[in-house]
Structures are given as structure tokens and as C-alpha cells.
Amino acid sequence: MLKKIRTTISGDEYWDSKLKKTIFVPFGQKVPNEEFDEETGDSKNEGVEENQEGREDISGFTISELKEYAASKGIEIPKEITKRDDIIEFLS
């Protein structure tokens with residue numbers, strides 16, 4: 001969930017509570033999460049963020065979140081793949 005924390009001369013800063021880091025968005029660019037509520041400064045949902053190439057950023061997911069994500073996309077993860085990094089590589 002994104003929450004606006006500060007406006008600077010060159011853009012806005014947001015706190016991403018899911019990734020536990022600050023995100024800087026220069027003026028003229030959109031907030032990474034499309035469903036951001038300008039009035040409250042919070043994002044409306046905690047959906048999957050897309051990186052600049054238009055691909056979804058799943059690098060911060062836990063194993064169970066990765067399995068849920070794969071199921072929602074109709075992807076079956078083989079039983080041999082058990083490590084988080086291997087699952088991310090498989091889904092990429």
C-alpha cells in the first residue's frame with residue numbers, strides 16, 4: 001500500500017508498506033500503483049506493481065504469495081521447484 005509522505009521540488013515521495021521502502025516519483029510521472037487515492041494519500045489496493053517494461057514485479061513476494069499469484073494466472077508450479085528464487089525464475 002502506498003502512502004504519500006513528502007513533496008519535494010522535483011517530485012513526490014511515497015512509503016510502500018508492502019516493500020518497506022520509499023519510492024520517489026518525479027513530477028510528470030504516474031504513481032506506480034494505478035489505484036492511488038489522491039485525497040487520502042493511500043493506495044486503494046495492494047495489487048502487483050508493474051516495472052517500467054510493463055512486467056509485473058514479483059520479486060518481493062513470499063513463497064505462498066508466489067503460489068497464489070501463479071494460481072490466479074492459471075500457472076501450475078512443478079513440485080520439484082521449491083525455492084523462492086527458483087519459483088520467481090520459473091514465473092519470469
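Keep in mind that this is a model prediction, so the values were computed, not measured.
The closest side-chain heavy-atom distance from Glu89 to Lys83 is not below 4.5 Å. Phe27 is not listed as a side-chain neighbour of Ile9, based on a closest heavy-atom distance of 4.5 Å or more. By the 4.5 Å heavy-atom criterion applied to side chains, Thr8 and Glu13 are counted as neighbours. Using a 4.5 Å heavy-atom threshold, the side chains of Val25 and Tyr14 count as touching.
Atom CG of residue Leu91 and atom CD1 of residue Ile81 lie 8.0 Å apart, to the nearest 0.5 angstrom.
Using a 4.0 Å cut-off between a side-chain N of Lys or Arg and a carboxylate O of Asp or Glu, Lys21 and Asp16 do not qualify as a salt bridge.
The same ILVMFWY cluster, assembled from side-chain heavy atoms under 4.5 Å apart, contains both Phe90 and Phe61. Under the 4.5 Å side-chain heavy-atom criterion for Ile, Leu, Val, Met, Phe, Trp and Tyr, Trp15 and Ile23 are members of distinct hydrophobic clusters.
Here the side chain of Lys20 pairs a donor or acceptor atom with the backbone of Ser17 at under 3.5 angstrom. In terms of modelled atom types and a separation under 3.5 Å, the side chain of Glu65 and the main chain of Thr62 share a donor-acceptor contact.
What you find for Ile77 and Leu66 is that their closest heavy atoms are CD1-O, 4.3 Å.
Counting heavy atoms of neighbouring residues, nucleotides and ligands inside a 6.0 Å radius, atom CZ of Arg6 does not exceed 12 of them.
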